[in-house]
There are 2 protein chains.
Amino acid sequence: MPKPTVHDIAQEAGVSLATVDRVLNERPGVRDRTIQRVRAAIDKLGYVRDTYAANLARQKAYTFVFVLPEGPSSFIDVVREAIEEASTSQMAERVTIRVLSVPQNDPHGVVRRLLTLNPGKIDGVAIMAPETPQVRDAVRRLKNAGLAVATLFSDLPVPVRDHYVGINSYSAGRTAALLMGRFLRGVHGSVMVVTGSLQARDSIERRHGFDEVMQRDFPDLTVLPTLEFHDDISRVDRLVGTVASQTRDLAGVYSMGAGNQALLAALRKTDRLNEMTVIAHELTAVTREGLLAGEVDAVIAQNVGHLVRSAVRVLRAKCDSVDIFAAQEKIRIDIVTRENLP
Amino acid sequence: MPKPTVHDIAQEAGVSLATVDRVLNERPGVRDRTIQRVRAAIDKLGYVRDTYAANLARQKAYTFVFVLPEGPSSFIDVVREAIEEASTSQMAERVTIRVLSVPQNDPHGVVRRLLTLNPGKIDGVAIMAPETPQVRDAVRRLKNAGLAVATLFSDLPVPVRDHYVGINSYSAGRTAALLMGRFLRGVHGSVMVVTGSLQARDSIERRHGFDEVMQRDFPDLTVLPTLEFHDDISRVDRLVGTVASQTRDLAGVYSMGAGNQALLAALRKTDRLNEMTVIAHELTAVTREGLLAGEVDAVIAQNVGHLVRSAVRVLRAKCDSVDIFAAQEKIRIDIVTRENLP
DNA sequence: TTGTATGCGTTATCAT
DNA sequence: ATGATAACGCATACAA
């Protein structure tokens with residue numbers, strides 16, 4: 001009892017291949033009665049379409065665009081690399097991947113860049129961009145144009161995208177807090193929280209999750225107000241330096257976003273970095289170095305390679321109107337230490 | 001300039017499809033000079049074979065057998081579930097998966113069961129079994145019979161298998177130690193280590209990694225001799241109870257293997273479980289419950305779903321003599337806490 | 001409204 | 001040693 005094919009369906013339903021195909025792809029021009037017959041045959045035989053054969057016949061090739069923020073960032077570098085790797089692997093058969101860079105902190109610039117996309121030429125987009133009303137609208141337009149839309153690392157409202165690929169920021173923040181509190185067992189002291197900007201939705205969620213666990217489980221630790229350097233790395237040094245010198249009991253540092261290079265440099269100047277517990281997000285060249293040097297104690301990360309592959313699979317599934325294999329697409333919150341560094 | 005096909009190669013080389021195919025699949029019966037010509041055309045046009053079309057034409061169906069220890073184990077349950085899930089997903093197109101249960105702690109029994117496999121009927125095996133000389137030989141025989149062989153969770157010597165799917169036990173032990181030491185910051189006390197058996201190679205490696213980090217980084221903690229219950233759960237209660245009552249400064253428990261249910265039950269009786277730091281391996285129903293209840297503080301795990309899918313892909317690749325995509329098959333050491341529980 | 005015939009890129013059988 | 005040709009499971013232009 002091999003897998004049934006369209007031929008088997010046709011025979012069972014007493015119709016031709018073409019009719020089976022019409023029903024399968026919901027094309028017009030079939031009598032209701034015939035549709036029922038074919039449907040019944042499909043159910044009875046348990047037919048499932050061979051997507052690969054279908055794509056072969058259809059000569060279908062997918063074109064996906066990954067939209068990434070431009071500008072120097074060790075994290076974006078990791079993402080680019082993962083995309084590069086995925087597009088040259090066999091998993092990307094019949095899919096070509098393009099990368100579109102969009103400005104940082106310039107919603108209108110993002111929209112303008114997004115408008116250069118020709119929805120007729122591409123099948124799906126994976127977008128990494130902070131949520132703003134302008135971006136929301138632009139993405140909605142892409143989705144309405146029939147593209148498959150996945151959000152990457154940072155989500156947008158459900159109606160404007162098909163799927164979110166990334167971890168839950170709230171849980172990520174909670175996880176960071178758990179580690180911070182556990183690593184500072186018995187310590188009475190303060191914890192500094194640093195981020196580029198608290199505007200982004202995921203920053204807020206992280207902070208929210210972090211605070212909740214810290215307050216509930218680790219009352220001996222005082223979480224200081226968030227230090228926002230507004231995506232201007234040059235401010236990090238002064239901001240961090242000031243707070244560090246004013247906070248004699250500074251025991252921990254939670255870095256919620258990018259800018260870890262500058263942050264670590266600033267902390268080094270305090271000469272107290274070695275006694276501090278530092279927790280950061282995302283595994284990059286910088287945080288990896290930090291872990292190995294013993295300067296960073298834990299990194300909350302997501303498997304970027306897996307994430308990119310997941311995005312490709314999800315977009316493909318959307319294009320084919322096929323269900324995704326949920327378990328495979330689930331992105332876990334990785335905890336990375338010096339000892340389990342990949 | 002679409003992707004070149006065998007037709008293009010044939011034309012470029014001035015030969016027929018069949019000849020191209022012979023060269024592509026390294027079949028005999030082609031003159032050296034012709035081979036060169038075809039090879040040149042392949043290089044020149046940058047041909048890459050369409051695996052899906054190939055599999056379609058080949059009508060190849062893979063049969064893989066997963067060899068698992070029988071007997072009750074919450075971890076094996078997880079593995080079975082993952083196999084079930086993988087075999088019903090689209091990733092298992094053209095592959096049928098069977099599970100073969102083998103006795104625990106009975107190398108000869110394992111071998112006998114392995115001998116029931118008909119190497120002609122199957123294409124590959126994924127084996128989860130502790131290393132013994134008998135098992136080694138039996139597996140070597142399978143490999144020599146032409147089967148693709150992957151080891152699962154626990155490795156065998158390189159010559160008898162094609163690929164190991166799982167985490168590095170030594171690093172896993174080191175990771176456990178790091179967390180134990182960090183979670184017990186400032187504490188002077190003892191750490192109990194419990195395992196079913198120290199015979200298995202991976203148990204030894206875990207213990208080795210654990211000890212190394214504990215000794216080097218956490219001198220305030222005393223690691224007690226390993227408690228071996230020799231896979232007899234009924235002994236756990238007495239063993240653990242005795243040591244716990246004799247060790248007033250017991251601060252941590254490292255569970256290296258299975259038997260967590262019994263272990264936790266025994267620890268509960270001491271009425272000191274809540275103050276202890278407990279670290280275990282593998283995310284199962286038991287350890288998950290333990291995390292949620294706050295009884296277990298961290299679990300060192302591997303993504304079993306990913307692992308099973310990886311095994312299937314690797315076996316398939318071996319059967320096709322195709323390279324694997326290493327980055328995708330890398331199994332990470334997961335650290336799971338209450339907050340990042342999947 | 002339904003059926004026939006052909007092609008997608010690859011493999012495989014059977015001639016030559 | 002090499003070439004024609006027919007599958008594989010599906011889609012589709014065209015015919016009926």
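Per chain, numbering begins at 1; letters A, B, ... match sequence-line order.
In this structure, N25(B) reaches the sugar-phosphate backbone alone: every heavy-atom distance under 4.0 Å involves primed, P, OP1 or OP2 atoms, never a base. At a threshold of 4.0 angstrom between heavy atoms, the contacts of D50(A) are confined to the sugar-phosphate backbone, with no base atom among them. In this structure, V30(B) reaches the sugar-phosphate backbone alone: every heavy-atom distance under 4.0 Å involves primed, P, OP1 or OP2 atoms, never a base. R33(A) comes within contact range of no nucleotide atom at all, as no heavy-atom separation falls under 4.0 Å. Within the 4.0 angstrom heavy-atom criterion, no nucleotide atom of any strand lies near T51(B). Using a 4.0 Å heavy-atom cutoff across all strands shown, V15(A) reaches sugar-phosphate atoms only and no base atom.
Residues V165(A) and E329(A) form no side-chain contact, since every pair of their non-hydrogen atoms from C-beta on lies 4.5 Å or further apart. The shortest distance between side-chain heavy atoms of N55(A) and E93(A) does not fall below 4.5 Å. No side-chain heavy atom of R313(B) sits under 4.5 Å from any side-chain heavy atom of I324(B). No side-chain heavy atom of L114(B) sits less than 4.5 Å from a side-chain heavy atom of Q134(B).
The separation between D32(A) atom CG and dT2(C) atom C1' is 15 Å, rounded to whole Å. In this structure, the CZ atom of R49(B) is 14 Å from the C1' atom of dA12(C), given to the nearest Å. One atom, CD1 of I42(B), and another, P of dG9(C), lie 16 Å apart when rounded to the nearest Å. Here dC8(C) presents its P atom at 18 Å from CD of E93(A), a figure rounded to the nearest Å. Look at CD1 on I9(A): it is 13 Å from P on dG9(D), rounded to the nearest Å. Rounded to a whole Å, the NZ atom of K60(A) is 18 Å from the C1' atom of dG9(C). Counting to the nearest Å, the P atom of dT1(C) and the CZ atom of R27(A) are 15 Å from each other. For Y52(A) and dG9(C), the OH to C1' distance is 16 Å, given to the nearest whole Å.
In the model, D50(A) has no side-chain atom that pairs as donor or acceptor with a side-chain atom of Y52(B) under 3.5 Å. In summary, the side chains of N303(B) and R309(B) do not present any donor paired with an acceptor at a separation below 3.5 Å, with no hydrogens or angles considered.
For the helix from dT1(C)-dA16(D) to dT16(C)-dA1(D), the end axes, each set by the C1' atoms of five terminal pairs, are bent relative to each other by 50° (nearest 10°).
Residue D21(B) places its side chain closer to dT11(C) than to any other of dT2(C), dT11(C), dT12(D).
To the nearest 0.5 angstrom, L68(B) atom CG is 8.0 Å from F153(B) atom CZ.
Between V38(B) and the choices I9(B), V30(B), D21(B), the side-chain contact (heavy atoms from CB on, under 4.5 Å) rule is met once, by I9(B).
The pair R140(B)-D137(B) counts as a salt bridge, with a side-chain nitrogen and a carboxylate oxygen less than 4.0 angstrom apart.
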Detail all sub-3.5 Å separations between protein N/O atoms and N/O atoms belonging to nucleotides 4-8 of chain D.
unit_1 : atom_1 : unit_2 : atom_2 : d
dC8(D) : O3'    : Q59(B) : OE1    : 3.0
dC8(D) : O3'    : Q59(B) : NE2    : 3.4
dC8(D) : O2     : A57(B) : N      : 3.1

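A donor-acceptor pair under 3.5 Å is formed between the side chain of R37(A) and the backbone N or O of A13(A).
For the OP1/OP2 pair of dT2(D) and a distance below 4.0 Å, the side-chain nitrogens and oxygens of T34(B) include at least one atom meeting the criterion.
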